[in-house]
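Notes follow the structure.
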Amino acid sequence: MTADKAGLYHCSYQSGDHWSQFSDPLQLLMTGDMAGTVVTPGEDVKLQCFTKIKFEAFLLTKEDGDHITQNQSSTPQDKGYQAIFPLNQNSFIALPGKAEGWRNTMEKFSIWKNTLWPGDDGGFHSNITQRSPKLISYLKPQTSIQSMPLTVVLHGPAGVGKTTVAKQLLLEWTQDDQAKTSSSAFYLSCKDLNHKGTCTFAELISANGPDLQDAIPGILTQARKILFIVDGFDELRVPSGALIHDICGDWRKQRPVPILLGSLLKRKMLPKSTLVITTRPGALRELQLLVEQPLFIEIEGFLELDRKAYFLKHFEEETQALRAFDLMKKNAALFRMGSAPAVCWLVCTCLKRQMEKGEDPASTCLTTTSLFLRFLCSQFTAARGSCPRDCLQAPLKSVCLLAAEGVWTQTSVFDGEDLRRLGVKESALCPFLDKNILQKSKDCEGCYSFIHLSVQQFLAAVFYVLETEEEEEDVGGHRCHIGDLQKLLSKEGRLKNPSLTQVGYFVFGLSNEERAMELETTFGCLVSMEIKQQLLKCRSMPRGKKPFSTMDMKEVLYCLYESQEEELVEDTMAPVTEISIHLTNTFEMMQSSFCLKHCQNLQKISLQVGKRIFLENDTTWKSDAQVESSNKNLNFLDVRESFLSHSSVRILCEQITHVTCHLQKVVIKNVSPADAYRDFCLAFIGKKTLTHLVLEGSVHSDEMLLLLLCEILKHPRCNLQYLRLGSCSDTPQRWADFSSALKINQSLKCLDLTASEFPDEGVKLLCSTLRHPMCFLQKLSLENCHLTEACCKELSSALIVNQRLTHLCLGKNNLGVGGVKILCEGLSYPECQLQTLVLCHCNINRHGCKYISKLLQGDSSLTHLDLGFNPIATGLCFLSEALKKPNCNLKCLGLWGCSITPFSCQDLASALISNQSLETLDLGQNILGQSGIMVLLEALKQKNGPLKTLRLKIDKSTMEIQKLLKDVKESNPDLTIECNNARTTRSSCCNFLS
């Protein structure tokens, strides 16, 4: 027995894949100590672990001193099971080929130290490892000729158990009873590596176990049996490129630590070994550039049931636990943080203390900032007026400086050198060490870390809001790593350092005057009153009007909600006239509700609502819906792809009917429940301000919808000018009522019935309406309404009589040549005033082009014609003849995807030379070939005509084509030629309904 073996020992046992909690401690003392189990120096000592329950193996851990760990298989003994641990010189370093029965140990530390959190007894910690993927079977080489050694990357946010799982793998690696020889495992903490200088790789991996140095050469010769844990890659602080520069494969050569680590990751050093790397998500991209074919595994930490169980265990009363858990769950941002056990402890500690005082904790969980502030302040007694600055002011400033420095340098462990550089005294940290907010590192002597990254981020935010006195100015430049508020909120900074994002959120939260007062009262410090002005300065780009233009709108709303400062919201959102919101949880709904009611210049809201956000009889939506009625400038509401509830629809409709609601345009598209469309229509009856209405989605299933639309159109206060009713299907009688309503209504100018199903009688009724002298429709779309040649006679006669209709879309209807012939007859009458005609996807061939050509050569009023996706092919020659005529008034011709060949280009080129009216020509998705394109360009080069836009598909751009394009540009400077080969959608010149 030697003196170094004296100390505190624990035992735990293994059953299947799980390890138990540690036993009560046994203290082993040398002769001369006052108490404990005493042995004589030099005497052989064996420790026995025993249980009456059958277990497969025992683990013995020495907690203090050298932190030694070893494990043994159990053996039957006295109606129970035991393991004997001899405390001789080599018992804790079982090298390959030695000490048969033991699998090689890890370094000389307790595998679980520094992985627990305040209040945890090991049970929840065990749950995380038990739920983690059983990777050891994948990590172990299956054959001696396995081609690719495995690299596993365990990633997840701070504090969710990545290190815990990695250390579990480390333990399992050394327990493979099937292996014929021992396996070796080494743990490398990137936090510690930041403080190490030049050394050999052998010295690096044996730094924590000097006894290993002599055995290292033998261990490294069996690389396949070695596991390396590289823990906390995101915390590695090395110069850019250091990990890939001058990499080395010799473990005996002295090299800087970054080169040694880079050599290991790049498989230059011990390429046959197995690697397990842990990191936060922010460093994944950099890691992907270093390691080859890694297996990525996300560590989730506490799941929802884990969090709930933790709350139930932390609180003595179940009702209080469930109340606290529900409050945290309502705050989505806080609930996400709760995947880290330390945050659960923080929340429980804070809310439990409030409940014990009889306070309502609801307001505390309203924002993440309010909870973290309440937790911080509740840990300290409020400073008295006699000496506030001497008590907690200096410690707070010191710890906030440390936190801010760490966030900007992406450091979570601080050593004595860091403290000296920042001018922080170790004594100033004592109040925060005593409260478990700051902890001494057991892995690195003289080092400190915060209990969780979120606590560090919060204290970093406090750094920005504290008033700085003149004597505290950074004269020596020791704080040069800490950026100002502008840099903190910049997109570039946050992309490079994701931790800054949460710090920014906390800064907004601390701009609240009540919270500033709470901070001042507790710590006796002054909070800057200029923080709100500084935040407002950051809101806009030099020439833009978007608030915080480097953030997306959801992030802006979150920041403003976090502040709970109405004045800040009003000033920030003042320039905003349009906003698009996608709600994915109830917390985002609360954020948008809080901000939108203070956005007085808002004119348009686009809203998308996810599933299970609006529940029945939930009035949370009411304050958000009040924006429609309280904001006098709001005139456009767009709700699409949304899952609403009956109660939320009812509340929204109530606000729409309010006299102070001035909505002019409303889009309701693909929303549920299906009968929501009916409720909205009821709200729109008599709504004088409403001019544009779009209803799309499940409208075909509502039998009452068409009837309600009739009531809207017939109401004397109806001022509707645009109506789009998508995919509507109803009975002939309903269409008859609708047609009658159109005759009564005198405001509707544009009607879009795309994809609606008309019975033959319905088409006749609609055409009858068009012939009625009181029909004021100017634009009509019957796209994809299953119309055929038989319907064209009714349409043709209506076009002859109606002198108001100027735009007609009949696309995606199988009209054929016969239908086109009938339509052209009606269009040829001088009474017809139609200017725009869309006939795309109508099955028109070259013969149909004859009738269209004849129409264009007459006195037709047609100026815009879209024939896209019709197989007209050589029918282009007929259209070209029409374009040559001086009385052809066509300005826009769409021939996208019309099977036009190079052969037809000569006729079109001739027409372009003589034509005096055509301004837009779309030939996209036609294979014109080099010859066809060159013919067209040669024609355009000859004359500076009226053409302003030409779309072409150029499969192969040759030198000749490039030269012609340049020549055309010089002779026709006003002409734009679009030849984007990647374009897959047509740009219709007749998109008149948008």
Side-chain angles (χ1 to χ4, degrees), residues 732 735 739 751 753-754 756-772 775 777-879 881-882 885 887-890 893-895 898 990 992:
W735 284 113
S739 298
L751 176 61
L753 297 174
T754 296
S756 294
E757 294 184 17
F758 282 100
D760 291 340
E761 187 65 27
V763 176
K764 291 181 180 179
L765 289 168
L766 184 60
C767 291
S768 172
T769 300
L770 291 174
R771 288 192 292 267
H772 196 276
C775 177
L777 284 179
Q778 298 175 5
K779 300 178 181 181
L780 174 64
S781 175
L782 299 175
E783 182 177 328
N784 193 24
C785 287
H786 310 285
L787 305 182
T788 62
E789 179 181 336
C791 303
C792 291
K793 187 173 182 181
E794 291 288 340
L795 285 169
S796 181
S797 64
L799 292 173
I800 296 172
V801 176
N802 189 301
Q803 297 187 17
R804 294 191 178 97
L805 196 68
T806 58
H807 296 66
L808 177 63
C809 176
L810 299 174
K812 296 183 181 180
N813 290 293
N814 189 18
L815 304 182
V817 176
V820 169
K821 178 182 178 183
I822 296 172
L823 282 174
C824 288
E825 289 175 356
L827 290 168
S828 63
Y829 278 76
E831 291 83 4
C832 178
Q833 301 298 311
L834 200 69
Q835 300 172 13
T836 298
L837 178 62
V838 179
L839 295 175
C840 59
H841 282 288
C842 286
N843 194 24
I844 302 171
N845 59 22
R846 70 185 303 273
H847 299 293
C849 291
K850 292 181 181 179
Y851 303 110
I852 296 174
S853 177
K854 183 179 179 181
L855 169 68
L856 295 175
Q857 293 181 55
D859 293 327
S860 170
S861 59
L862 210 60
T863 58
H864 293 70
L865 177 63
D866 189 352
L867 296 173
F869 295 107
N870 284 298
I872 66 173
T874 55
L876 181 61
C877 63
F878 300 117
L879 298 177
E881 285 300 315
K885 302 300 181 181
N887 56 344
C888 178
N889 298 316
L890 209 60
L893 177 59
L895 299 173
C898 287
C990 308
F992 60 84

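One N or O on the side chain of Asp866 and one on the backbone of Gly868 form a donor-acceptor pair closer than 3.5 Å. Without hydrogens or angle criteria, Asn870 side chain to Cys842 main chain gives a donor-acceptor distance under 3.5 Å. Under the 3.5 Å distance criterion, the side-chain polar atoms of Ser828 are left unmatched by any main-chain donor or acceptor of Leu855. Ser796 places a side-chain N or O within donor-acceptor distance of the main-chain N or O of Ile822, the cut-off being under 3.5 Å. No donor-acceptor pair under 3.5 Å is formed between the side chain of Thr806 and the backbone N or O of Gln835. Remark: side-chain polar atoms of Thr836 are not paired, donor with acceptor, to backbone N or O of His864 under 3.5 angstrom. Side-chain atoms of Ser768 never come within 3.5 Å of backbone atoms of Lys764 as a donor-acceptor pair (strictly under, hydrogens ignored).
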Would Leu799 and Leu808 count as a side chain to side chain contact (heavy atoms under 4.5 Å, CB included) if you check the C-alpha gap in whole Å, the side-chain angles of each, and the deciding distance to 0.1 Å?
CA-CA 10 Å; Leu799 292 173; Leu808 177 63; 4.2 Å; yes
Could you go step by step and tell me if Cys849 and Leu876 meet the side chain to side chain contact (heavy atoms under 4.5 Å, CB included) rule?
CA-CA 7 Å; Cys849 291; Leu876 181 61; over 6 Å; no
Walk me through it: do Asn813 and Cys785 pass the test side chain to side chain contact (heavy atoms under 4.5 Å, CB included)?
CA-CA 7 Å; Asn813 290 293; Cys785 287; 4.2 Å; yes
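Among the candidates Thr788, Asn843, Leu839, the single residue satisfying the side chain to side chain contact (heavy atoms under 4.5 Å, CB included) test with Leu815 is Leu839.
Using a 4.5 Å cut-off on side-chain heavy atoms (C-beta onward), Leu879 and Ile872 make contact. No side-chain heavy atom of Asn802 sits less than 4.5 Å from a side-chain heavy atom of Leu777. Side-chain contact between Asn889 and Ser861: absent, with no pair of heavy atoms (C-beta onward) separated by less than 4.5 Å. Side-chain contact between Tyr851 and Val817 is present, with heavy atoms from C-beta onward closer than 4.5 Å. With contacts defined as side-chain heavy-atom distances shorter than 4.5 Å, the pair Phe758/His786 does not qualify.
Atom CG of Leu805 sits about 9.0 Å away from atom NE2 of His807, to the nearest 0.5 Å. A distance of 12.0 Å separates CG in Leu810 from CG in Asn784, rounded to the nearest 0.5 Å. Rounding to the nearest 0.5 Å places NZ of Lys821 at 12.5 Å from NE2 of His847. Separation of atoms SG (Cys824) and CG (Leu837) is listed at 8.0 Å; rounding is to 0.5 Å. Rounding to the nearest 0.5 Å places CG of Leu751 at 7.5 Å from CG of Leu782. To the nearest 0.5 Å, the span separating OG1 on Thr863 from CG on Leu893 amounts to 11.5 Å.
Look at Arg771 and Glu794 and you find a salt bridge, because one of the NZ, NE, NH1 or NH2 atoms lies within 4.0 Å of a carboxylate O, short of that distance.
Counting all heavy atoms, side chain and backbone alike, Cys767 lies closest to Ala798 at O-CB, 3.8 Å. Residues Lys885 and Gln857 share a closest heavy-atom pair of CE-OE1, 3.3 Å. Pairing each heavy atom of Cys791 with each of Val763, the nearest pair is CB-CG1, 4.0 Å. Cys832 approaches Gly826 most closely through the heavy-atom pair CB-O, 3.9 Å. Nearest heavy-atom pair, Thr769 versus Cys775, reported as atom, atom and distance to 0.1 Å: O-CB, 3.1 Å.
Between His841 and Phe869, the ring planes lie parallel to each other; the angle is under 30°, not in the 30° to 60° tilted range.
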